[in-house]
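All remarks here apply to the structure that follows.
Throughout, residue positions are numbered sequentially from 1 according to the sequence presented.
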Amino acid sequence: METIFTPEHCFEEIKDFPYAPHYMDVDGLRMHYIDEGNKDGEVILALHGEPTWSYLYRKFIPVLSNYRFIAPDFIGFGKSEKPVKMQDYSYSLHYNSIKKFIQQLGQKDITLVVQDWGGLIGLGVLGEQPDLFKRVVILNTALSDGRKLPLSFKAWQAFAKYHPDLPVGKIVRKACARPVSDAVMAAYDAPFPEKKYKAGARIFPSLAPGSKNADGVLQMNRAATVLADWKKPAIILFSDKDQILGKMVHFFYKLMPAAHEQQRITIENAGHFLQEDAGETIASHIDEFIQGKLKK
C-alpha cells in the first residue's frame, strides 16, 4: 500500500487550530488526533465525517475544557497517513482503525460524539463494544441497512470519485448555513494540497452500503439493535437546515427511546456541518447533557 503524509507546512497558515498533534500507529498506519482539555476529566471522543478533519471540532474545545477532548482524523484525512489509491479504502479499514484507536487509548466511560461518517463508523464500534461508552451524542448522521441508495446520493458518489480535483473547502462552505470565511475554507483544503492526497475523500461516499451484503451493513445493523435498547444517556442534536441528512433525525428519535429522556433540541440556522455553523452552542449543550441538566 502506497501512502503519503500531507507536509506540515500546509497547515502553517491555520490560525485558529493551535492544538498539538498526536499520532498513534494503527495497523501500520499513523493516525493523527488532538487530545485537549483536562487530562483527568471525563473523555469525549468526537468523530468527523466527509470531507472534513478534526479541525471541524475546534470550536468545541474551549467550551469543553473541563473534559478530556479527543478527536482523531480518519485515515486519509487531516494529518493522518493517506493511502494514495482509492481501492485501498473500505468501510472496514475505517471501522477497524477507529476500534483499535479506542482500544489503544485504553479509556472507558467515553462520551461519543458523531456526525456524518463519524456516525456510520463510530456508532458501528459502539454497537460492537457498548460497554466502553457512557453516553452518546448524535449529530447529523445516519445508519444504513444496505437498502438501495437514492439517485441524488449516487450523483454525489460520482461527483466525488470522478471530479478532476475535488473542491473540499467549497463543499464544506456549500453545506453550511452561515458564512464560511476564505481562511476557514483554506483550513479544510489544507490536508489536500494536490489531487494525490484526496483518494480517501474521493472514495468515502462510494463506501456507503448499497446492498444488504455490503461492507458495513453488519456493523450498522448491530448498532441499530444496540441503540434501540440503549439504557444510558443519549441525546440527538440535529440542525434545521441540513439538506443532506436532516431528515434522519426522525429515524434516530424513532429508533432510540433513551433519546426521549432528554430535552429535544434543534440547532438553529445550521447546515450539515453544524459544528462549523454553531460549534460553541452545540458544545454548551453537550456540557449540560453530561452534567444531567437536559433531562426532562
Side-chain angles (χ1 to χ4, degrees), residues 26 29 31-33 45-57 70-80 82-83 86 88-102 112-128 136-146 149-150 152-154 156-157 159-161 166 168 171-172 174-176 188 191-192 198-210 214-224 227 236-239 242-249 251-252 271-276:
V26 181
L29 295 170
M31 179 174 283
H32 167 263
Y33 64 103
L45 176 66
L47 301 180
H48 71 86
E50 156 80 354
T52 61
W53 57 296
S54 51
Y55 176 78
L56 181 68
Y57 285 105
I70 300 172
D73 296 337
F74 285 122
I75 296 299
F77 293 82
K79 297 184 179 182
S80 290
K82 298 175 175 66
M86 288 189 284
D88 287 331
Y89 292 88
S90 64
Y91 177 91
S92 289
L93 170 78
H94 290 302
Y95 178 86
N96 289 328
S97 65
I98 291 298
K99 183 171 74 170
K100 292 179 181 181
F101 175 83
I102 295 170
L112 181 65
V113 179
V114 297
Q115 185 260 342
D116 192 80
W117 268 99
L120 279 73
I121 295 165
L123 295 177
V125 175
L126 178 147
E128 181 178 352
V136 61
V137 179
I138 299 178
L139 310 180
N140 301 29
T141 189
L143 289 172
S144 172
D145 60 4
L149 296 168
S152 58
F153 191 82
K154 290 182 178 179
W156 163 232
Q157 289 177 320
F159 176 85
K161 186 175 182 180
L166 190 68
V168 170
I171 289 168
V172 174
K174 186 174 182 180
C176 290
Y188 286 110
F192 311 110
K198 297 183 180 182
R202 291 174 62 203
I203 201 61
F204 221 161
S206 296
L207 302 184
D215 189 18
V217 171
L218 182 151
Q219 292 92 334
M220 285 185 259
N221 282 341
R222 181 170 55 199
L227 291 174
I236 297 167
L237 297 172
F238 269 53
S239 60
D242 182 359
Q243 301 301 314
I244 303 168
L245 293 177
K247 292 182 179 179
M248 289 301 297
V249 66
F251 166 83
F252 282 107
H272 180 63
F273 295 113
L274 61 169
Q275 305 100 311
E276 185 61 48

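- Considering only heavy atoms from C-beta on, Leu227 comes within 4.5 Å of Leu126 through its side chain.
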- List the steps and the verdict of ring-ring contact (aromatic ring centres under 6.0 Å, His included) for His48 and Phe74. CA-CA 8 Å; His48 71 86; Phe74 285 122; 4.7 Å; yes

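- Side-chain atoms of Ser54 never come within 3.5 Å of backbone atoms of Pro72 as a donor-acceptor pair (strictly under, hydrogens ignored).
- Side-chain atoms of Leu56 and Gln115, non-hydrogen and from C-beta on, do get closer than 4.5 Å to each other.
- Leu166 is not listed as a side-chain neighbour of Phe192, based on a closest heavy-atom distance of 4.5 Å or more.
- Side-chain atoms of Ser97 come within 3.5 Å of backbone N or O of Leu93 as a donor-acceptor pair.
- Between Asp145 and Leu143 the shortest side-chain heavy-atom distance does not fall below 4.5 Å.
- Under the salt bridge (Lys or Arg N to Asp or Glu O under 4.0 Å) criterion, Asp215 pairs with no residue at all, not counting sequence neighbours.
- Side-chain contact between Leu245 and His272 is present, with at least one heavy-atom pair separated by less than 4.5 Å.
- Using modelled atom types, one side-chain atom of Tyr57 and one backbone atom of Leu47 make a donor-acceptor pair closer than 3.5 Å.
- Remark: the backbone N or O of Lys79 is paired with a side-chain donor or acceptor of Asp73 at under 3.5 angstrom.
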- Query: Which is it for Gln275 and Thr52 under the side-chain contact (heavy atoms from CB on, under 4.5 Å) test, yes or no, and what are the steps along the way?
  - Reply: CA-CA 11 Å; Gln275 305 100 311; Thr52 61; over 6 Å; no

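- Relative ring orientation between Phe77 and Phe204 is described as tilted, the plane-to-plane angle lying within the 30° to 60° band.
- In this structure the side chain of Met220 never reaches within 4.5 angstrom of the side chain of Leu123, judged on heavy atoms.
- Formation of a donor-acceptor pair under 3.5 Å by the Tyr89 side chain with backbone atoms of Pro83 is found in this model.
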- Query: Could you go step by step and tell me if Phe101 and Val125 meet the side-chain contact (heavy atoms from CB on, under 4.5 Å) rule?
  - Reply: CA-CA 11 Å; Phe101 175 83; Val125 175; over 6 Å; no

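- The number of heavy-atom neighbours closer than 6.0 Å to CD of Gln243, taken from other residues, nucleotides and ligands shown, is 12 or below.
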- Message: Using the rule given for side-chain contact (heavy atoms from CB on, under 4.5 Å), can you reason through Ile171 versus Phe159, listing the C-alpha separation, both sets of side-chain angles and the distance that settles it, and then say yes or no?
- Response: CA-CA 11 Å; Ile171 289 168; Phe159 176 85; 4.2 Å; yes

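- With a 4.5 Å cut-off on side-chain heavy atoms, Ile138 and Val249 do not count as touching.
- Residues His94 and Leu207 have side chains in contact (heavy-atom distance under 4.5 Å, counting atoms from C-beta outward).
- Aromatic ring orientation, Trp117 versus Tyr91: tilted (interplanar angle from 30° to 60°).
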